[in-house]
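Take a look at the structure below.
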Amino acid sequence: MTGQTTSAPRRRTQKRRSILDGALLVFGRVGYLGASIDMIAAEADVSTRTIYNHFENKEQLFATVLLESSTRVAVTREALIERHLGAVTDLESALIALAKEWVRPNPDFEDHFRVVRRLRGETDRFPRELVESWQEAGPFRARRALAARMAGLAERGLLAVRDPELTAQQFMALITDTTVSRAEFSATALESEIDRIARAGVHTFIYGHLPRKA
């Protein structure tokens, strides 16, 4: 009896995971409007009834998928920030290494960024609360983590920083604006291209934020 009792919650968790993974694939492939519960059920290898046992409707499923996958990306980027900026001895090298990993395609997040790309192009179709929740769970969370490290570098006298959040935003803009379509959303980005753009962005960033003597 105990084995049967404990296996039921485990099976439910596994079904939920299959639904979320399948939904992420489908939403990334055909978008929110093009996706149907039947398509998601087929991808997840579950019945439509099983999906409705976990989620009220497609809207709730999409919101859950988006926020969960955004959180996973943000946590990964927090780890990148900590690894490269947690104990800096060579500022330029640390920032270049961070920049390269930031824009290098990650196969684990390819479906997530497909969904995000569609969301960015159709923000007017989604409730404002959902868009704001996505930003808080993903991009803004990662930016706050980077801002905290930028503030720490300023305290050590390595950077001149007046507004850590703005500084973090500027750093991300310099390393991603020209790579977003080729690197963040494409698994075919060349390593040499990523290296070139990361170095150029970091050099520009450092030039604008080096402490200057009065």
Side-chain angles (χ1 to χ4, degrees), residues 28 66-67 69-86 88 90-106 108-110 112-124 126 128 130-212:
L66 178 64
L67 297 183
S69 62
S70 296
T71 298
R72 287 202 304 269
V73 173
V75 168
T76 298
R77 288 189 161 170
E78 285 174 336
L80 288 181
I81 293 164
E82 182 63 25
R83 182 161 70 248
H84 294 294
L85 302 185
V88 174
D90 183 326
L91 178 62
E92 182 178 344
S93 295
L95 290 175
I96 289 174
L98 173 61
K100 289 169 66 176
E101 281 207 68
W102 194 280
V103 300
R104 182 179 292 118
N106 185 333
D108 292 338
F109 300 140
E110 193 170 341
H112 165 79
F113 284 117
R114 287 197 184 103
V115 173
V116 168
R117 179 168 54 186
R118 290 181 177 275
L119 177 66
R120 283 173 170 160
E122 303 176 350
T123 52
D124 58 327
F126 299 97
R128 178 179 176 184
L130 175 60
V131 175
E132 291 177 348
S133 295
W134 156 64
Q135 291 174 328
E136 284 296 325
F140 290 175
R141 175 173 172 171
R143 191 174 72 193
R144 284 193 294 269
L146 181 57
R149 281 301 173 190
M150 292 295 181
L153 293 172
E155 290 175 2
R156 293 177 55 191
L158 296 176
L159 289 176
V161 175
R162 291 184 179 180
D163 183 336
E165 287 251 359
L166 178 59
T167 301
Q169 188 174 354
Q170 290 169 339
F171 177 80
M172 290 189 293
L174 285 168
I175 66 171
T176 62
D177 271 3
T178 57
T179 61
V180 68
S181 61
R182 290 171 296 183
E184 190 172 20
F185 300 126
S186 171
T188 61
L190 296 175
E191 186 65 26
S192 59
E193 180 73 355
I194 291 173
D195 181 78
R196 183 183 69 79
I197 295 175
R199 289 180 182 276
V202 167
H203 291 164
T204 301
F205 175 80
I206 289 177
Y207 180 81
H209 292 86
L210 277 179
R212 288 170 172 76

**Prompt:** If you take all heavy atoms of Ala151 and Pro164, which pair is closest and at what distance?
**Reply:** CB-CG, 3.9 Å
**Request:** Please round to the nearest 0.5 Å and tell me the distance separating atom CD of Gln169 and atom CZ of Phe140.
**Result:** 8.0 Å
**Prompt:** How many angstroms lie between atom CG of Leu159 and atom CZ of Phe171, to the nearest 0.5 angstrom?
**Reply:** 10.0 Å
**Message:** With a 4.5 Å cut-off on side-chain heavy atoms, are His209 and Leu153 touching?
**Reply:** no
**Message:** Going by the rule salt bridge (charged side-chain N to carboxylate O under 4.0 Å, His left out), which residues pair with Asp195 if we only count those two or more places apart in sequence or in a different chain?
**Reply:** Lys100, Arg199
**Request:** Kindly give the heavy-atom pair with the smallest separation between Val202 and Glu92, and that separation in Å.
**Result:** CG1-O, 4.1 Å
**Asked** For the residue pair Gly138 and Ala74, what are the closest heavy atoms and their distance?
**Response** O-CB, 3.7 Å
**Prompt:** Is any side-chain heavy atom of Phe113 less than 4.5 Å from a side-chain heavy atom of Val73?
**Reply:** yes
**Asked** Side chains of Glu155 and Val161: closer than 4.5 Å at any heavy-atom pair?
**Response** no
**Message:** Please give me the minimum heavy-atom distance between Leu91 and Leu158, naming the atom from each residue.
**Reply:** CD2-O, 3.5 Å
**Item:** pair Leu146-Leu85: side-chain heavy atoms closer than 4.5 Å
**Value:** yes
**Request:** Drop me the distance from Phe126's CZ to Arg120's CZ, to the nearest 0.5 angstrom.
**Result:** 13.0 Å
**Item:** Short N-O contact, Arg144 and Glu78, less than 4.0 angstrom
**Value:** no
**Over all atoms of both residues, closest heavy-atom pair of Ala142 and Ile81** = O-CD1, 3.7 Å
**Asked** To the nearest 0.5 Å, what is the distance between NE2 (His84) and CD1 (Ile96)?
**Response** 12.0 Å
**Message:** To the nearest 0.5 Å, what is the distance between CG on Asn106 and CZ on Arg77?
**Reply:** 9.0 Å
**Prompt:** Who pairs with Ala137 by side chain to side chain contact (heavy atoms under 4.5 Å, CB included), at least two apart in sequence or on another chain?
**Reply:** Leu67, Ser70, Thr71
**Fill in**
For Arg72 and Phe109, the nearest pair of non-hydrogen atoms, with its separation, is O-CZ, 4.0 Å
**Prompt:** Are the side chains of Phe205 and Ile175 in touch, meaning some heavy atoms are under 4.5 Å apart?
**Reply:** no
**Item:** Gap separating the CD1 atom of Ile197 from the OG1 atom of Thr176, nearest 0.5 angstrom
**Value:** 10.0 Å
**Message:** Are the side chains of Glu191 and Arg104 in contact, using a 4.5 Å heavy-atom criterion?
**Reply:** yes
**Minimum side-chain heavy-atom gap Ile194-Pro105 below 4.5 Å** = yes
